[in-house]
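The structure appears right after this line, and notes come after that.
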There are 2 protein chains.
Amino acid sequence: MLDCQDHEVCIESAMREAESICQEKGLRFTELRREVLRLIWLSHIPTKAYDILEKLKGKAWSAKPPTVYRALDFLLETGLVHKLDSINAYIGCSHPREHDGCYFLICTDCNEAKECCSPELTDAIELAWSKNSFRPKKVTLEVLGQCGQCD
Amino acid sequence: MLDCQDHEVCIESAMREAESICQEKGLRFTELRREVLRLIWLSHIPTKAYDILEKLKGKAWSAKPPTVYRALDFLLETGLVHKLDSINAYIGCSHPREHDGCYFLICTDCNEAKECCSPELTDAIELAWSKNSFRPKKVTLEVLGQCGQCD
DNA sequence: TTAAAAATTGTTATATTATAACATTTAAGT
DNA sequence: ACTTAAATGTTATAATATAACAATTTTTAA
Ligand SMILES: [Zn+2]
Ligand SMILES: [Zn+2]
Ligand SMILES: [Zn+2]
Ligand SMILES: [Zn+2]
């Protein structure tokens with residue numbers, strides 16, 4: 001699905017950006033949270049909470065479900081990670097500084113997910129809900145299908 | 001949220017339409033499936049699977065989780081019901097004959113959900129994914145927020 | 001019309017996803 | 001150093017969903 005040439009670059013830049021965002025916001029980017037974010041970024045395939053749990057167990061942590069879900073809560077609140085409700089999985093945010101009007105393409109063949117932005121889409125959605133005098137708080141937009149590489 | 005004057009009318013028309021759709025398609029609209037659809041249509045607030053289970057138990061059925069999930073599978077496949085992934089709940093489809101380009105407004109105050117259609121939205125989504133040479137199979141679009149009545 | 005096949009429902013067990021509640025440890029502020 | 005707040009550890013359980021096989025009902029077709 002993705003135009004990811006060197007995934008080490010993806011990982012390192014995501015980690016660096018997370019560091020600086022947490023620093024700016026005065027949030028504690030602990031070892032555990034760092035490790036969970038890194039595990040999520042291991043690939044562009046959304047990760048299941050209990051897979052993170054298994055991987056954490058292989059490392060230093062005494063990991064149990066709350067260990068993972070608390071780290072996920074932090075990463076979700078900070079905008080470093082997104083939950084994909086249609087598949088109950090988590091993926092690193094590709095541009096956490098300004099995540100807005102974004103949606104997800106999820107390939108059911110290679111399982112990769114891509115975060116996309118579309119101002120037209122944002123406009124269309126806003127138009128639609130304003131017709132209904134609705135005050136949006138959270139938009140979930142996920143498209144399951146087949147990506148270009150998986151034809 | 002809704003412009004529902006007489007909800008009995010909603011229920012009866014939904015049930016009638018379900019009957020005729022199943023008849024046309026040669027599908028077996030059994031008592032169990034009928035009852036589950038009716039329970040979902042009891043209100044415009046999306047229903048949880050295990051709430052359906054409890055209500056079924058109060059009736060004739062020897063209801064266990066698979067009882068409900070199988071009926072839900074049937075209703076979902078037939079397009080009579082939708083699952084709202086962002087809240088793990090089920091709602092009756094308001095126009096099962098041509099459900100396309102629809103999305104859901106879900107009020108976090110009154111909990112009602114409204115199914116909306118927007119051709120502009122459909123177009124914007126199609127434009128966005130064609131840019132990514134993506135072949136969509138299923139679109140999940142759910143907006144959580146506050147409806148006009150709940151300001 | 002009855003036997004075989006298919007679909008539906010019953011039943012038991014278990015998998016998957018997520019949170020509550022309270023104890024302990026670690027970090028921050030005074 | 002002492003106090004407080006935040007983070008993590010730990011045990012238990014809640015909430016959501018499916019697997020596997022048995023019994024029943026409906027449909028198909030011999
Ligand atoms: Zn990459
Ligand atoms: Zn994002
Ligand atoms: Zn109504
Ligand atoms: Zn619909």
Side-chain angles (χ1 to χ4, degrees), chain A residues 18-19 22-23 25-40 45-78 80-91 106 111 140 142, chain B residues 18-19 22-23 25-40 45-78 80-91 106 111 140 142:
Chain A
E19 293 284 356
C22 289
Q23 185 124 44
K25 293 188 179 171
L27 300 171
R28 290 173 55 196
F29 198 36
T30 62
E31 268 311 300
L32 176 62
R33 291 165 175 175
R34 240 184 279 267
E35 187 58 32
V36 170
L37 182 59
R38 189 177 288 276
L39 288 173
I40 289 172
I45 297 175
T47 315
K48 300 293 220 167
Y50 277 72
D51 289 344
I52 297 172
L53 180 56
E54 287 313 306
K55 286 174 183 155
L56 269 185
K57 279 180 181 166
K59 312 223 168 190
W61 285 271
S62 138
K64 307 224 165 41
T67 315
V68 169
Y69 282 103
R70 282 173 188 150
L72 285 173
D73 284 347
F74 172 86
L75 297 170
L76 289 167
E77 274 167 22
T78 314
L80 297 172
V81 156
H82 299 297
K83 178 175 183 192
L84 301 179
D85 285 321
S86 62
I87 56 173
N88 289 325
Y90 303 84
I91 189 163
I106 305 168
N111 295 312
T140 298
E142 299 167 20
Chain B
E19 292 283 358
C22 288
Q23 184 123 46
K25 294 188 178 173
L27 300 171
R28 288 173 56 193
F29 198 37
T30 63
E31 268 311 301
L32 175 61
R33 292 165 176 173
R34 240 184 280 266
E35 187 58 32
V36 169
L37 182 61
R38 189 177 289 274
L39 288 173
I40 289 172
I45 296 175
T47 315
K48 301 293 224 167
Y50 277 72
D51 289 345
I52 297 172
L53 181 56
E54 286 315 304
K55 286 174 183 154
L56 268 185
K57 279 179 180 168
K59 312 224 167 187
W61 284 272
S62 139
K64 307 226 165 42
T67 315
V68 170
Y69 282 104
R70 282 175 188 148
L72 285 173
D73 284 347
F74 172 85
L75 296 170
L76 289 167
E77 273 167 23
T78 315
L80 297 171
V81 156
H82 298 296
K83 178 175 183 190
L84 301 178
D85 286 321
S86 62
I87 57 173
N88 288 326
Y90 303 83
I91 188 163
I106 306 168
N111 295 313
T140 299
E142 299 167 19

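Lettering of chains follows the sequences in order, A, B, ..., and the numbering in each one begins at 1.
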Next item on the list: Counting heavy atoms from C-beta on, name the nucleotide in C:dA20, D:dA19, D:dT16 closest to the side chain of B:Asn88.
Entry: D:dT16
Item checked: Worked check of side-chain contact (heavy atoms from CB on, under 4.5 Å) between B:Arg33 and B:Arg28 -> CA-CA 9 Å; B:Arg33 292 165 176 173; B:Arg28 288 173 56 193; 4.1 Å; yes
Check: So does A:Lys48 get a side-chain nitrogen or oxygen closer than 4.0 Å to the phosphate oxygens (OP1/OP2) of C:dT16?
Finding: no
Notebook entry, point to check: For the side chain of A:Tyr50, counting heavy atoms from C-beta on, which of C:dG10, D:dT10, C:dA18 is nearest?
Noted result: C:dA18
Notebook entry, point to check: What orientation do B:Phe29 and B:Phe74 show, parallel under 30°, tilted 30 to 60°, or perpendicular over 60°?
Noted result: parallel
Margin query: From CG of B:Leu53 over to C1' of D:dT18, roughly how many Å is that when rounded to an integer?
Written below: 14 Å
Next item on the list: Answer with base, sugar-phosphate or nothing: what part of the nucleic acid does A:Tyr90 contact at a heavy-atom distance below 4.0 Å?
Entry: sugar-phosphate
Check: Closer to the 5' end of DNA chain C via nearest nucleotide, is it B:Leu27 or B:Lys64?
Finding: B:Leu27
Item checked: side-chain N/O B:Tyr69 vs D:dA17 OP1/OP2, d < 4.0 Å -> yes
Checklist line | Between C1' of C:dT17 and CD1 of A:Ile52, the distance in whole Å | finding: 12 Å
Checklist line | Atom pair CG (A:Asn88) and CG (B:Asp85), whose distance is rounded to the nearest 0.5 Å | finding: 7.5 Å
Notebook entry, point to check: Just how far, in rounded Å, is P of C:dT19 from CG of A:Asp73?
Noted result: 7 Å
Check: Can you tell which of D:dT18, D:dT10, C:dA7 lies closest to the side chain of B:Arg28?
Finding: C:dA7
Note to self: To the nearest 0.5 Å, what is the distance between CD1 on B:Ile91 and OG1 on B:Thr47?
What the structure shows: 7.5 Å
Notebook entry, point to check: How about A:Arg34: does its CZ atom have over 12 heavy atoms from other parts shown lying under 6.0 Å from it?
Noted result: yes
Next item on the list: Mind checking A:Arg70 for me? I need base, sugar-phosphate or nothing, with any heavy atom below 4.0 Å counting as a touch.
Entry: base
Checklist line | Closest approach of B:Leu37 to B:Ala18 (non-hydrogen atoms, all atoms of both residues) | finding: CD2-CB, 3.5 Å
Item checked: Gap between atoms CG and P, on B:Leu72 and D:dT16 respectively (whole Å) -> 12 Å
Next item on the list: Report the residue from B:Leu32, B:Leu39, B:Ile52, B:Asp73 that forms a side chain to side chain contact (heavy atoms under 4.5 Å, CB included) with B:Val68.
Entry: B:Ile52
Note to self: Whole angstroms only, please: what is the CH2-P distance between A:Trp61 and C:dT25?
What the structure shows: 18 Å
Next item on the list: Starting from the first five and the last five pairs of the helix from C:dT1-D:dA30 to C:dT30-D:dA1, work out the angle between the resulting helix axes, to 10 degrees.
Entry: 30°
Margin query: By the 4.0 Å heavy-atom rule, please label B:Phe74 as base, sugar-phosphate, or nothing.
Written below: nothing
Notebook entry, point to check: Within this structure, what is the CG-to-P distance between A:Asp85 and C:dT16, rounded to whole angstrom?
Noted result: 20 Å
Notebook entry, point to check: What integer distance in Å separates B:Lys59:NZ from C:dT9:P?
Noted result: 16 Å
Next item on the list: Figure out the CG/C1' separation between B:Asp51 and D:dT16, and round it to whole Å.
Entry: 12 Å
Notebook entry, point to check: Considering only D:dA17, D:dT16, D:dT8, which nucleotide approaches the side chain of B:Lys83 most closely?
Noted result: D:dA17
Next item on the list: Indicate the atoms forming the closest heavy-atom contact of A:Leu76 with A:Lys83, along with that distance.
Entry: CD2-N, 3.5 Å
Note to self: Please confirm whether the shortest side-chain N or O distance from B:Ser62 to OP1 or OP2 of C:dT9 is below 4.0 Å.
What the structure shows: no
